[in-house]
Structure formats: C-alpha cells, structure tokens
Amino acid sequence: MHDPSRAVICVTGDDREKFLQDMVTNDLSGLDQGIVYAALLSPQGKFLFDFFLVRDGDSILVDVAKDRAPHLAQRLNMYRLRADVAVAGTEIEVSRGLGPTPPGAFADPRSQELGWRGYDGQLGAPVDWDKVRVQHCVPKTGVELIADQSFILECGFERLNGVDFRKGCYVGQEVTARMHHKTTLNKGLVTVKIDKQVPVGTPITSDGKEAGVIYTQFEDAGIAYLRFGRAKGTLMAGDAKVEFTPPS
C-alpha cells in the first residue's frame, strides 16, 4: 500500500555518498546490500530525523516522514558547503507491506517483522502499522521520536539496526558513543500493558511520582518511555493501569 505519510528526497552529485556518510548514524556501505536505516542528530546528540537510504543510479534516495522532509532538505543544504552535492524533492511514492518482498522492493532493515518498502509503485495489502509498531516497540517520528529531545539509543536504534559504532565520526557521534559505553540505560522505550486508551503523551506515575510517558497504543498494549528506576509498583497513566515487566 502507498504510505502518504512519507516523502522521498533525492541527493545527487559526485560527493553524495561521502557527504551523507559523514553525517548520519549508520554506515552507508550497507547500501551495497540495498537499504540502510539511519538518523541525523544535532551536534548535542539529540534526534532530528530518521530515514531510509537507497541507491538509485547516480543518486541516493532518502525516504523520510513527509512533514519533516523540507526541514531535512534545509539541514542537508546547510551542511553542503563546497561539497559536490544537490538536494531536491521528488514525486516518488513510498509503498509498504508485509509478507514476501516484491521485485524491486527492499526488506525493511529494522526487522523482518516490519515487512518491505518500495519506491516503484509496488502494491501490498492494507496494514495497521500502529499495531505492528506496538508489538515490536518501533518508534515513529513525531510520536515517540521527538526532534531535539529524544536520544536514539533510548529509542532502540541499536536493536533496529539504525546506528553503527564502528564507522567514523558523524554529527552527534560523541554523545551517542558515550551513552553506548554506559553499562545500562536508565531510560528508554518499552512495550507495556495498559487497560484502557489514554491520550498520547499522558504521563505515567508511580506512587504519585512521574515515571514516564505513554505513546502509541493498540488494544491492551502500548509503547512507553520509562525511567526504569522509578517504574516500580503500581503504574498509572491517567486513570489507566500500566504494567511493565523489566527484562530479566
């Protein structure tokens, strides 16, 4: 099915791959296998954009949230300086689906449970992507992934194959590497049980103290951002009871 929430930016020029390699969180050598998931961070290491990158002849296509596409193009142009690079919008539509990957499409690099992505008009059956995201704790730009606020390791980017710790420097790399070398993260996104729907962004409390926030929900489950040290005892999001089982 066509995903109207996505847009595709085209990056061309002789320096296109080195230009992106020096900025994004993942290693673009993965383009040799087809598709790469990555993010662009602020110099302070906070999330700004996440996207998928694929080669298309002499260009690299960047599949990004539609409402963030103009801001990403502006940011890329800001970093362009003297590099032989041009950034432009396209009319390419993004398709997504579950099941076998159609010819010309790409398996979603984040997880085999997330199906495939296509850029040549591939067709797939309708999917409730919020259900899939909640089941596998996959964050979405503008919901769980908040520009200038989120840290990608707290949002599961290592698990989702969105960051490479062996590549060279990129924007925000120092902060990300420092978080990676901590023994454990004290905060992050997890899947929880919740006994009723509440508005996205509702605080989660434990004994009256704020312990996190509930985001996307589907039936009796949801994605929550929790402070693990506080997420103990009875957790509430408004008048909804939240259950969190820490990993063993």
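- Between the side chain of K241 and the backbone N or O of T234, no donor-acceptor pair lies under 3.5 Å.
- Here the side chains of V192 and L226 are in contact, with some heavy-atom distance below 4.5 Å.
- Taken together through direct or relayed side-chain contacts under 4.5 Å among Ile, Leu, Val, Met, Phe, Trp and Tyr, L72 and I92 form parts of separate hydrophobic clusters.
- Classified by interplanar angle (parallel below 30°, tilted 30° to 60°, perpendicular above 60°), the ring pair F165/H180 is parallel.
- No more than 12 heavy atoms of other residues, nucleotides or ligands sit less than 6.0 Å from atom CD of E174.
- Residues meeting the ring pair (Phe, Tyr, Trp, His ring centres under 6.0 Å) test with Y79, sequence neighbours left out: none.
- Note that the NZ atom of K46 and the CZ atom of F151 stand 5.0 Å from one another [nearest 0.5 Å].
- Closest heavy-atom contact between I194 and A240: CG1-CB, 3.8 Å.
- Residue pairs meeting the side chain to side chain donor-acceptor pair (under 3.5 Å) criterion with at least one partner in residues 188-214, sequence neighbours excluded, do not occur; the list is empty.
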Legend entry - side-chain contact (heavy atoms from CB on, under 4.5 Å) between I146 and Y215, worked out: CA-CA 11 Å; I146 304 170; Y215 290 113; 3.7 Å; yes
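- In terms of heavy atoms, G104 sits closest to D120 at O-OD2, 4.0 Å.
- Each of Y119 and I9 belongs to its own hydrophobic cluster when Ile, Leu, Val, Met, Phe, Trp and Tyr are linked at side-chain heavy-atom distances under 4.5 angstrom.
- Residues L98 and W116 come closest through the heavy atom pair O-NE1, 3.5 Å.
- For D148, there are no salt bridge (charged side-chain N to carboxylate O under 4.0 Å, His left out) partners, not counting sequence neighbours.
- Nearest heavy atoms, P43 versus V171: N-CG1, 3.8 Å.
- Across all their heavy atoms, L76 and F19 have their closest contact at O-CZ, 3.3 Å.
- When all heavy atoms of A224 and I204 are compared, the closest pair comes out as CB-CD1, 3.7 Å.
- Atom OG in S95 sits 10.0 Å away from atom CG in D63 (nearest 0.5 Å).
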Which atom pairs, donor and acceptor, lie under 3.5 Å between side-chain atoms of residues 30-37 and protein residues at least two apart or in another chain?
| from | atom 1 | to | atom 2 | distance (Å) |
| --- | --- | --- | --- | --- |
| D32 | OD1 | R55 | NH1 | 2.8 |
| D32 | OD1 | R55 | NH2 | 3.2 |
| Y37 | OH | D50 | OD2 | 2.7 |

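- Remark: L145 CG to F47 CZ distance equals 4.5 Å, nearest 0.5 Å.
- Sequence neighbours left out, the pairs with a member in residues 123-134 that pass side chain to side chain donor-acceptor pair (under 3.5 Å) are D130-R133, R133-E144, R133-T216.
- Inter-residue side-chain proximity for P139 and L160 is flagged as met; some heavy-atom pair is nearer than 4.5 Å.
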Inset, instruction - Would you check, one step at a time, whether the test side-chain contact (heavy atoms from CB on, under 4.5 Å) holds for D58 with R16? - result: CA-CA 9 Å; D58 292 332; R16 61 190 180 277; 4.2 Å; yes
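- D108 contributes no side-chain N or O that, together with a main-chain N or O of E113, makes up a donor-acceptor pair within less than 3.5 Å.
- The line from NZ of K140 to SG of C155 is 15.0 Å long, rounded to the nearest 0.5 Å.
- Tracing side-chain contacts under 4.5 Å through hydrophobic residues (I, L, V, M, F, W, Y), one never reaches L123 starting from L114; they form parts of separate clusters.
- Cluster membership for V213 and V198, using ILVMFWY side-chain heavy atoms within less than 4.5 angstrom, is not shared.
- Side chains of M179 and E154 form a contact here, defined as non-hydrogen atoms less than 4.5 Å apart.
- Taking the ring centre of F52 as origin, the terminal cationic atom of R117 falls inside the region bounded by 6.0 Å and 45° from the ring axis.
- Using a 4.5 Å heavy-atom cutoff, the side chains of I152 and S150 are not in contact.
- Scored by the salt bridge (charged side-chain N to carboxylate O under 4.0 Å, His left out) test, K18 finds D22 as partners (sequence neighbours excluded).
- Considering only heavy atoms from C-beta on, T176 comes within 4.5 Å of Y170 through its side chain.
- Between the side chain of K167 and the backbone N or O of L28, no donor-acceptor pair lies under 3.5 Å.
- In this structure, E93 CD and T90 OG1 are separated by 9.5 Å, a value rounded to the nearest 0.5 Å.
- In terms of hydrophobic clustering, with Ile, Leu, Val, Met, Phe, Trp and Tyr side chains grouped at heavy-atom distances under 4.5 Å, L189 and I214 are assigned to different clusters.
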Inset, instruction - Please test V132 against V138 for side-chain contact (heavy atoms from CB on, under 4.5 Å), starting from the C-alpha separation and ending with a verdict. - result: CA-CA 8 Å; V132 176; V138 178; over 6 Å; no
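- Rounded to the nearest 0.5 angstrom, I223 CD1 and Q217 CD are separated by 10.0 Å.
- Side-chain contact between L40 and F51 is present, with at least one heavy-atom pair separated by less than 4.5 Å.
- Using a 4.5 Å cut-off on side-chain heavy atoms (C-beta onward), R166 and D27 make no contact.
- By the 4.5 Å heavy-atom criterion applied to side chains, L41 and L48 are not counted as neighbours.
- Remark: side-chain polar atoms of D3 are not paired, donor with acceptor, to backbone N or O of V94 under 3.5 angstrom.
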